[in-house]
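Okay, so here's the structure we're looking at.
Only this structure's heavy atoms are used, side chains among them; waters, hydrogens and symmetry mates stay out. Proteins come first, then strands; the chains are lettered A, B, ... in the order of their sequence lines, and each starts at number 1.
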Amino acid sequence: MLEENFLGVISYFLYKYPMNYDFNAIEEKWQAYWAKNQTFKAENNSDKEKFYVLDMFPYPSGAGLHVGHPLGYIASDIYARYKRHKGFNVLHPQGYDSFGLPAEQYAIQTGQHPAVTTAENIKTYRRQLDQLGFSFDWSREVRTSDPSYYKWTQWIFIQLFNSWYNKQADKAEDIETLISVFEVDGNLKVEAVCDDAIEEFTAADWTSYSDPKKQEVLLKYRLTYLAESEVNWCPALGTVLANDEIVNGVSERGGHPVIRKKMTQWSMRISAYAQRLLDGLKKIDWPQPLKDSQTNWIGKSVGASVSFHVLSENKTGPHMIDVFTTRPDTIFGVSFMTLAPEHDLVEQITTKKQQAEVAAYIEATAKRSERDRMADVKTISGAFTGAYAEHPLTKEPIPIWIGDYVLAGYGTGAVMSVPCGDQRDYDFAKHFNIPIPNIFEGVDISEEAFADKEKAVIANSDFLDGLGQKEASKIAIQTLETLGQGEGKINYRLRDAVFSRQRYWGEPFPVYYNADAMPQMLDEKFLPLELPEVDKYLPTETGEPPLGNAKEWHWLQYGDEGKVVSEDEFNNSSPKGRLGGALELNTMPGWAGSSQYFNRYMDPTNENEIFSQDAINYWQDVDLYIGGSEHATGHLLYSRFWQKFMFDKGLVPKDEFAKKLINQGMITGTSAFIYKDIDSNKVYSKGLLSNNNVIPIHADVSLVNFSDELDVEAFKKWQPEYKNAEFVLEDGKYIVGREVEKMSKSKYNVVNPDAICEEYGADSLRLYEMFLGPLEQSKPWNTAGITGTHSFLKKLWRLYHSAAESSFSVSEEAPSKDALKTLHKTIKKVEDDIENFSFNTSVSTFMICVNELSSQKCISRAILEPLALLVSPYAPHIAEELWIKLGYTESISTVDFPKFEASYLVESNKEYPISFNGKMRFKLEMSLDLSKDEIEATVMAHEKTKEQLQGRTPKKVIIVPGKIVNIVG
RNA sequence: GCUCGAGUGGUGGAAUUGGUAGACACGUUGGACUUAAAAUCCAAUGGACAUUAGUCCGUAUGGGUUCAAGUCCCAUCUCGAGUACCA
């Protein structure tokens, strides 16, 4: 009985909806097919030309993907699929940036090992990515938290440690070459990017040095080095905080006080590459705003360094203050000097009388975080040291102040203050009643400083009088050089990058400390050094990083045998021939694992090398990289740095890793609001707000239909506190307010791709995300619109199916002229659009094409076959299904893209718009063969023209053949 | 403050070198089919006046160049992103 009824329903549906577009079944079928056949596996050997399309790999967060995340992946997938149709061997990999803070914080709260949560999250991500039909080569997947991967992150760290930057060769070189120079010449002739404070030594000195001393010296040259650097330290949390983790001087989480503290940290000498990082920007096709922000970040400024003698008892004393200035031309305007409160000399030069005041000031500024100092620009503060410096040219004494407007971390941490030419110096001078000499011709400085370089004419400056800024700077530098008190200098804002984090869930450093407390690299054959197990993921009671909790975290090695042991075991082992010691307790920062992953994809399972030379020489570099702009000065700068280092070492053939980069825009959410009356229990519909005092309250977007109507009952169920509220309706409906906001759980505007795939299919979602607008632009999500691309796919499906015969049906007959025209118009447009990354317009082109072919009743194979190919990069599942129905047995994915034939588009007539004074009034069809004169004659003879002119004689007739006619007069 | 980007119907957006503004969709309204709903199909849809033709206004605002400006130039306003005592 039941069965009979069921069959009845089925046959009714088959009758009513022949060969329905069953997207769920089709998509499932093809996703399984691609996985089983490894359709998108890329080979490292191929006669085809290579093309590398890369997405920024995701951090697998617990929340999974929302509809905003796949935008870039869809675009890159379309491009990758298109390139396969164009005959390229395409590398399109995906992986996970799986070290990171959220998993660690979750571990601190729950005790759950981060590796466990990470694995779970990756599973969710993989399922969500698969259901969208991406053509990733999953055989190349990488995970940064996987020891087989971070083995190579550690390996690169060791390479950096074993390198120094030779300025003469302008590249990184092996540290051994430096040692051999030291053995012959000492460091007198060495031009290296290294620590500023380096003592000079001869070859004889070098050979006399003890081993720890040698290592200490070398550490100042290495590309990754241990150094004291100032950090934001939170004693309560026992960790270093980044600037953006501090709000109003206290930690963002917990509200604990934060102090600035010097700590020994690993740093990366990225400053060595500052100029090359700037130069490289010229040869890569990256978005201009992104290049601008990298340029800005590197912050090159050209000027001079000037040395001032500190006076002691009116004579030049032993101390020198070096400053950097971009305005050496204003040297005669110096009326005081300002040091950062942290400057090394402050303590030594401060006079007895001023000691108390200076100490109090230093203490006060130390309490403020750097962020606070920067935020509070208006308050002027400082203290006089009591000391004076000698002006290098006038030999006049100039007072030395300290002030927190001078940053310890930029330049030399000291400035020569020229109050007439710099507003900050001016404000400081005014505040402390320091004289403001004017050294500019014809400029009033009674109210503010004069900082215009272009217009400056120097005066009151001895031999610089009457000169402009450029000329005066040149001469000032020359003069200072002859005195040995200055030289031309280029300064960069870019600072070396701190590479240590007091975290658990990151790459361990392959480093142990020997008995001399000098850092030693593990031999490469012992890599990877795996993360130890710990009981808890918090810092230790003594304030050490979480790895301090590990029971076994000492390195013990005899000859070729090495292992990680407990401290006790290490101490009880025989010292004879023993290497090892305590292992490094810090871990690497988030960007370590992402700085070379694009190269590792080329040869991801290689256990002997980071990648084979065959692989890198074939794939070379990334042809197209798509990802968010938030990585502009982080990942994208560090990756370029490591790539240049790898290039110097001869490991990669290109010194820029990505030729072209596109930043996809963010998809924002469209939040929904109900309006609750402040005084009563009433909730008003959007149209009824005018006279009521209401507050907007977020409603979950899933409770609102396409017409902004709220399902009131569902809402009451969702928020029971509104069970008894009175919803005041308009026209029987409750209409919500809408506002565009960032997609976020707390705003109840998150849309999940799973539900959309279920209801409309992945192909509909892919098309819709592209259809929303230009890839690089940020745009609001509105689920309502997806019915548009979904019904397009249904129309497309129907083109290949006959309603009458209930089946797939295409005709072998020759296509009509119109159909050919429609097809080739579409081929041209879609091809141009993909090449220009204008994916939104190709979706509308598909719609126009299908609308036209439908009204032409076109069922010709010669049209429908190429059409399936055109659609394939965008909606791959339906394209595969249609392809099989067209009689093929293999995947559509590498079939040649249809070829555009211009001859089908040639027209004989054109419908000319006829304008009068620039305004289009009517249209007139004319042959394209007509000459200008013939066109004019035809138009002027037309009765509508006469009607428009009403007897006037036109002054001028503009005719652009094939385009437009404009009659003036 | 500085740097960069953007302002077009009710909504997302289109307009490739200055040449028919609003393609393609969503939404809305009306209609067909249906017991009903869904789905599908048809028509209308920038504003105002007129509704037969048509006229005027209209791409943030105000100017300018041009036969012709969303597009080029100048000024202003608004929004977004990045960045900031950088000497």
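Nearest-nucleotide assignment on RNA chain B puts the 5′-proximal partner with L772(A), out of L772(A) and K944(A).
Between Q777(A) and G13(B), a side-chain N or O to OP1/OP2 separation shorter than 4.0 Å is present. OP1 and OP2 of C24(B) both lie 4.0 Å or more from every side-chain N or O belonging to K829(A). Neither OP1 nor OP2 of C26(B) sits under 4.0 Å from any side-chain N or O of R738(A). Distances shorter than 4.0 Å separate some side-chain N or O of N840(A) from OP1 or OP2 on A14(B). Listed pair N851(A) / A25(B) meets the phosphate criterion, a side-chain N or O lying under 4.0 Å from OP1 or OP2. Side-chain nitrogen and oxygen atoms of R495(A) include none within less than 4.0 Å of the OP1 or OP2 phosphate oxygen of C86(B). Taking 4.0 angstrom as the limit, K923(A) places none of its side-chain polar atoms (N or O) nearer than this to OP1 or OP2 of U20(B). Taking side-chain N and O atoms only, K779(A) has no distance below 4.0 Å to OP1 or OP2 of G13(B).
The nucleotide A84(B) finds no pairing partner, because no Watson-Crick or G-U wobble arrangement with both distances shorter than 3.5 Å includes it. For G19(B), the paired nucleotide is C67(B), the pair qualifying as Watson-Crick or G-U wobble because both relevant distances are below 3.5 Å. Both distances falling under 3.5 Å, in either a Watson-Crick or a G-U wobble arrangement, place A6(B) opposite U78(B). Here A25(B) sits opposite U11(B) as a Watson-Crick or G-U wobble pair (both hydrogen-bonding atom distances under 3.5 Å). Pair assignment for U40(B): A32(B), on the basis of Watson-Crick or G-U wobble contacts that are both within less than 3.5 Å. Using N1 to N3 plus N6-O4 or O6-N4 for Watson-Crick, or N1-O2 and O6-N3 for G-U wobble, each under 3.5 Å, U55(B) pairs with A48(B).
Its glycosidic angle being within 90° of 0, G9(B) falls on the syn side.
Across every non-hydrogen atom of C420(A) and I436(A), the tightest pair is N-CG2, 3.8 Å. The shortest heavy-atom contact between R738(A) and T670(A) is NH1-O, 3.3 Å.
A gap of 40 Å separates the C1' atoms of U40(B) and C56(B), to the nearest Å. Atom P of G62(B) sits at a distance of 9 Å from the matching atom of G58(B), rounded to the whole Å. The C1' atoms of A39(B) and U34(B) are separated by 11 Å, rounded to the nearest whole Å. Distance check on atom C1': G12(B) versus A23(B) gives 13 Å, rounded to whole Å.
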- Quick one: do E852(A) and K821(A) satisfy salt bridge (Lys or Arg N to Asp or Glu O under 4.0 Å)? Show the steps, please. CA-CA 10 Å; E852(A) 284 182 12; K821(A) 197 170 137 189; over 6 Å; no

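T822(A) and Q856(A) are linked by a side-chain donor-acceptor pair at a separation below 3.5 angstrom, with hydrogens and angles left out of the test.
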